[in-house]
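When reading the values below, keep in mind they use all heavy atoms of this one structure, side chains included, and skip hydrogens, waters and symmetry mates. Order of the sequence lines sets the chain letters (A, B, ...), proteins ahead of strands, with each chain counted from 1.
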Protein chains: 2
Amino acid sequence: MWDDTPVPSKPSTGETGAAPGSQTLLRGLAILEAVAGGARDLPALSAALGTTRSTTHRLAAALVERRYLTFAPREGYGLGPKLLELGFRAQQAAPVTRVARPHLERLSAECGDTIHLGVLEGDWALYLDKLPGRRRIEISSRVGERQPVWSTGLGKALILDLDETRWRHFYRLGEARGGHSPDLATWLDRMRTYAARGIAYDREENEPEVRCVAGPIRDAGGAIVAAFSVTSTVQYMDEARMEALAGTVRAVAGAISRDLGWAG
Amino acid sequence: MWDDTPVPSKPSTGETGAAPGSQTLLRGLAILEAVAGGARDLPALSAALGTTRSTTHRLAAALVERRYLTFAPREGYGLGPKLLELGFRAQQAAPVTRVARPHLERLSAECGDTIHLGVLEGDWALYLDKLPGRRRIEISSRVGERQPVWSTGLGKALILDLDETRWRHFYRLGEARGGHSPDLATWLDRMRTYAARGIAYDREENEPEVRCVAGPIRDAGGAIVAAFSVTSTVQYMDEARMEALAGTVRAVAGAISRDLGWAG
DNA sequence: AACAAGATCCCACTATATGGGATCGATTGG
DNA sequence: CCAATCGATCCCATATAGTGGGATCTTGTT
């Protein structure tokens, strides 16, 4: 379950990064994403792609025929069952998801907060699963999406075992794309604390009002292969609750890890 | 196992349904499905598509670049995070799934059998969700897949409210594609019983050894919008257990329906 | 070190996708 | 009730975008 993001190395042909030779395929995928983004009818799709009705219609029709999209006369286009199937398979491909699910369900029922499960994919934290939680607040995150490692509790839990050189690397990645809240020294200092306790926090460092507690999941070899986080707004997450959650999170993380063969 | 497109004996009219004009897109989708089917490297993909290395590579590269596939030097291709995201969204698009999940999780924990959630899509039962269960037996079904209505417990639960004319229609669909176990009269008779009790069974009618109990889920208007089934092999499902499960299934079906606004 | 297998790149040819426009069906409103 | 509108679907001449053979590079194997 690894994937490194290739860095565009050809400055000659322009910055687009779009390797030509598959226009039709890319347009088809763009349609999928446009529909996921809420486009319901042909004009909307044409606008999103910048193609004519004809072309858009032909591609959309092919996607419907292959069940990647659904089409209903009065409602327009929707995401199709084939995506359900492929998405489900992609999720099952990572054994972590299947093993962690029941544990996280139980935790979710118990604490009522939003729970995320994720892995390290290249320099990013990739969300594999999400359990919404009972509160009416909506945490804006999506399964399949990438988040910066340095700023999220989940990301920090994923790199708990790495050395300081690598920690700096992740901090620098964040620096490159916009200002940080904490300076390097503070951030490293916190990471050291998190590493020592085997739990990572996020105290509104990234998003105001949003706090979370995250724990690392280890495989049989003891390596961190995934992490999960319990997220809520500050009103449900005072210092006392975070401390209490730390214990729970550590216990659940241990249970999942043991299911993966971890002996620690 | 395969999503087959039936090949007509007479290729005169080109009945394949493949609307030309999107070869590249269709090939790209075929790659996705080949990878889902286990193809790991370029030669395997080329063979599955019947295209040259070049073409296959270009399409696969585009899919990797768009995160629909992953590629790792030693492991080859895999389904990518984008599919996770789209699949998750497709699932959330049906509110039933979200509402039913917690109830089904609880039921799953309680009974340990495989549970399916599905809706009626045209003349088919479409699987929306699947909870594996604790037994080591594997029920071969996939989320996003379609099953015949007439032969599965889930399918029969979906059409419980329809009239006999429509029942006959579904029975005829099955007849067209291979022999039935029960004759029409028997089948209709059973359907009447199921309808009267508000629960559908499948007593190895479809697959030997496989039995299930299925219940209908109703929306605020009382219409059946989905159904779920508890499936197991006959060794875990004697008559007594089926009777016991009927009560549980009816209760859970009612609870989910009430969450959807049903007042019954 | 030479070999083998797979991935990646390149380029001339043509099969393939493109978009303008015509058609058709359903909704809206006058 | 008919006219106008909007969206979906179909058709076809054109050139553009995709194809595949082969060269090249990378990585693991004997």
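At least one side-chain heavy atom of A:Ser141 sits under 4.5 Å from a side-chain heavy atom of A:Lys130. Residues B:His169 and B:Leu173 form a side-chain contact, since some pair of their non-hydrogen atoms from C-beta on lies under 4.5 Å apart. A heavy-atom distance below 4.5 Å is not found between the side chains of A:Asp41 and A:Tyr77.
With a cutoff of under 4.0 Å to any heavy atom of chain B, the contacted region of DNA chain D is bounded 5' to 3' by D:dG18 to D:dG28.
Residues passing the salt bridge (Lys or Arg N to Asp or Glu O under 4.0 Å) test with B:Asp161, sequence neighbours excluded: B:Arg218. For A:Tyr127, the ring pair (Phe, Tyr, Trp, His ring centres under 6.0 Å) partners are A:His116, not counting sequence neighbours. Here A:Pro148 pairs with A:Trp124, A:Trp150, A:Ser151 under the side-chain contact (heavy atoms from CB on, under 4.5 Å) rule; sequence neighbours left out.
Sequence order on DNA chain D of the closest nucleotides to A:Tyr77 and B:Arg74 puts A:Tyr77 first from the 5' end. Each of B:Thr24 and B:Pro43 lies near DNA chain C, and the nucleotide nearest B:Pro43 is the one positioned closer to the 5' end.
With axes fitted over five pairs at each extremity, the angle between the ends of the helix from C:dA1-D:dT30 to C:dG30-D:dC1 is 40° (10° resolution).
The stretch residues 48-55 of chain A touches DNA chain C through A:Thr52, A:Ser54, A:Thr55, each having a heavy atom under 4.0 angstrom from the strand.
Around CZ of B:Arg166, the count of heavy atoms belonging to other residues, nucleotides or ligands within 6.0 Å does not exceed 12. When the shell of 6.0 Å around CZ of B:Arg53 is examined, it contains 12 or fewer heavy atoms from other residues, nucleotides or ligands.
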Evaluate side chain to side chain contact (heavy atoms under 4.5 Å, CB included) for A:Glu121 paired with B:Arg67, printing each intermediate quantity in order. CA-CA 11 Å; A:Glu121 187 210 41; B:Arg67 309 207 312 135; 3.7 Å; yes
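Within the 4.0 Å cut-off from OP1 or OP2 of C:dA7, not a single side-chain nitrogen or oxygen of B:His57 is found.
Going from atom CD1 of A:Ile31 over to atom P of C:dA17 covers 14 Å, rounded to whole Å. Protein atom CD of B:Gln23 is 12 Å distant from nucleotide atom P of C:dA15, rounded to whole Å. The interatomic distance linking A:Leu26 (CG) with C:dA17 (C1') rounds to 14 Å, in whole Å.
Contact annotation for A:Pro73: no contact, since no heavy-atom pair falls under 4.0 Å across all strands. Contact annotation for B:Arg40: no contact, since no heavy-atom pair falls under 4.0 Å across all strands.
Judged by distance alone, the side chains of A:Thr51 and A:Ser46 never bring a donor and an acceptor atom under 3.5 Å apart.
The line from CZ of B:Phe71 to CZ of B:Arg40 is 11.5 Å long, rounded to the nearest 0.5 Å.
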